[in-house]
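Following: one structure in structure tokens, then a few remarks.
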Amino acid sequence: MAPSDRHERESEATQIADAVIGWFEREARELPWRGDAGAIDPWAVLVSEFMLQQTQASRVIPQFEAWMTRWPTPSSLAAEAPGEAVRAWGRLGYPRRALWLHRAAVQLATEHGDEVPRDVDTLLALTGIGPYTARAVASFAYAERHPVVDTNTRRVIARLVHGAAAAGAPKASDLDDMAALLPLDPVRARLFNAAAMELGAIVCTARAPLCSACPVAAWCEWRGSGYPENAPTVRRQATFQGSDRQVRGRIMALLRNASEPVASEAALAAAAEGGVRDELQPRRAYDSVVSDGLLIEVDGHVRLP
Ligand code: SF4
């Protein structure tokens, strides 16, 4: 690439980042885990990232607030039985995240002086933390400069940079694309990571992008080329209705609300309530929550761990 081309591209990336950050500072939703710069609680960031992995922010907010009131530090959570974390997870879904968060809290309390680490490799060694979450915590909690790319960010980049309607399946180059736009200053990089996600969540939405309110409309390749329907094919998410996940959820709801162990037969009956896809489904769901460690079987009964 000629030096003048590189200069032009860097200058455009700076303008895009400035526009997105400026918009974010004016328009971002107030979310309880964001805090003010200088008063960000890394534990709150880590808890929020676990909860947000598969769940929308609006559903996470009440659960997050109750969680942080009850367990304001890793050691306060670590001092309780893992089943309490599963119970408090409520209806957020994918309750293994609660078990993993509890295990991570134990690691933080016993091996890290009750502090959330700031470097990605140490974060990756904690239970339940993959590359996305490690980078998100390092960036949002500590302003370590890393590209953080979620589904919303990938959609913004697909449209803005590549002129594609949707991002398709995650790929290694997603991080390179984000890194090419990321400001050099780590604090602005943190803001840009959050701002790009927010833009995808509330303006550049999957179904109805609000281009008239978009701070990067002038640079958007997809808009500029007339919104071609050129989305890569993505496998559709399996429906929840009738799924094993739904049946597992019925068993977990019964146990969350029980103060005593529940007879296995009663748990299987609860699994079948409301209909099943096949006659083996209740047993399959029951066995899977037990093998995931979400329930413990003792003498024909089950209980939270
Ligand atoms: Fe998304 Fe429209 Fe903004 Fe392009 S102009 S990034 S499609 S909201």
Side-chain angles (χ1 to χ4, degrees), residues 1 5-31 33-34 48-49 52-61 132 135-136 139-140 145-237:
M1 189 191 301
D5 289 348
R6 188 178 314 122
H7 181 74
E8 206 171 296
R9 201 177 267 197
E10 285 170 0
S11 147
E12 186 171 293
T14 304
Q15 290 174 47
I16 288 173
D18 287 349
V20 177
I21 291 171
W23 168 84
F24 182 71
E25 289 176 330
R26 291 188 305 277
E27 306 288 343
R29 295 166 295 176
E30 276 193 25
L31 298 174
W33 45 87
R34 283 193 177 139
S48 71
E49 288 298 335
L52 290 163
Q53 276 166 17
Q54 313 266 1
T55 312
Q56 286 178 338
S58 56
R59 287 185 55 216
V60 165
I61 290 171
Y132 164 80
R135 282 193 298 272
S139 174
F140 296 145
R145 187 176 178 279
H146 297 285
V148 180
V149 180
D150 75 347
T151 307
N152 289 320
T153 304
R154 291 193 320 105
R155 183 172 55 257
V156 171
I157 289 178
R159 291 171 175 173
L160 172 66
V161 177
H162 299 299
K171 47 200 174 304
S173 61
D174 294 338
L175 282 180
D176 299 334
D177 287 341
M178 187 62 176
L181 295 171
L182 206 61
L184 288 175
D185 174 67
V187 173
R188 287 188 71 71
R190 178 176 77 80
L191 270 174
F192 183 66
N193 279 325
M197 271 182 201
E198 186 79 347
L199 189 65
I202 64 177
V203 172
C204 192
T205 58
R207 286 184 195 183
L210 298 166
C211 302
S212 58
C214 177
V216 292
W219 293 279
C220 179
E221 293 286 340
W222 189 51
R223 177 174 174 268
S225 53
Y227 303 107
E229 289 187 19
N230 54 0
T233 354
V234 189
R235 216 157 17 112
R236 294 186 82 81
Q237 209 179 5

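Just so you know, ligand 1 is whichever comes first in the structure, and atom 1 is the first atom listed for that ligand.
For R159 (side chain) and R155 (main-chain N/O), no donor-acceptor pair under 3.5 Å exists by modelled atom type. Side chain of W222 to main chain of P228: a donor-acceptor pair is present (N/O by atom type, distance under 3.5 Å, no hydrogens or angles).
Here R34 pairs with E198 in a salt bridge; the nearest charged N to carboxylate O distance falls below 4.0 Å. Remark: D185 does not engage R145 in a salt bridge, criterion side-chain N to carboxylate O under 4.0 Å.
Distances below 4.0 Å separate heavy atoms of R223 from the following atoms of ligand 1: 5 (S). When each atom of ligand 1 is checked for a heavy atom of R159 under 4.0 Å away, the hits are 7 (S). For ligand 1, the atoms sitting less than 4.0 Å from at least one non-hydrogen atom of A217 are 5 (S), numbered in the order shown with element in parentheses. Of all the atoms in ligand 1, the ones that sit under 4.0 Å from a non-hydrogen atom of C214 are 3 (Fe), 5 (S), 6 (S), 8 (S). Here is the list of ligand 1 atoms found below 4.0 Å of a heavy atom in W222: 7 (S).
No side-chain donor from either of R190 and N193 sits under 3.5 Å from a side-chain acceptor of the other.
When distances to atom 4 (Fe) of ligand 1 are checked against a cut-off of 2.8 Å, C220 contributes an N, O or S atom below that limit. At a threshold of 2.8 Å, atom 1 (Fe) of ligand 1 has a backbone or side-chain N, O or S atom of C204 nearer than that distance.
Shortest contact from atom 2 (Fe) of ligand 1 to any protein heavy atom: C211 SG, 2.3 Å.
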* Asked: Between R188 and D18, is a salt bridge (charged side-chain N to carboxylate O under 4.0 Å, His left out) present by the stated rule, with each step listed?
  -> CA-CA 9 Å; R188 287 188 71 71; D18 287 349; 2.9 Å; yes
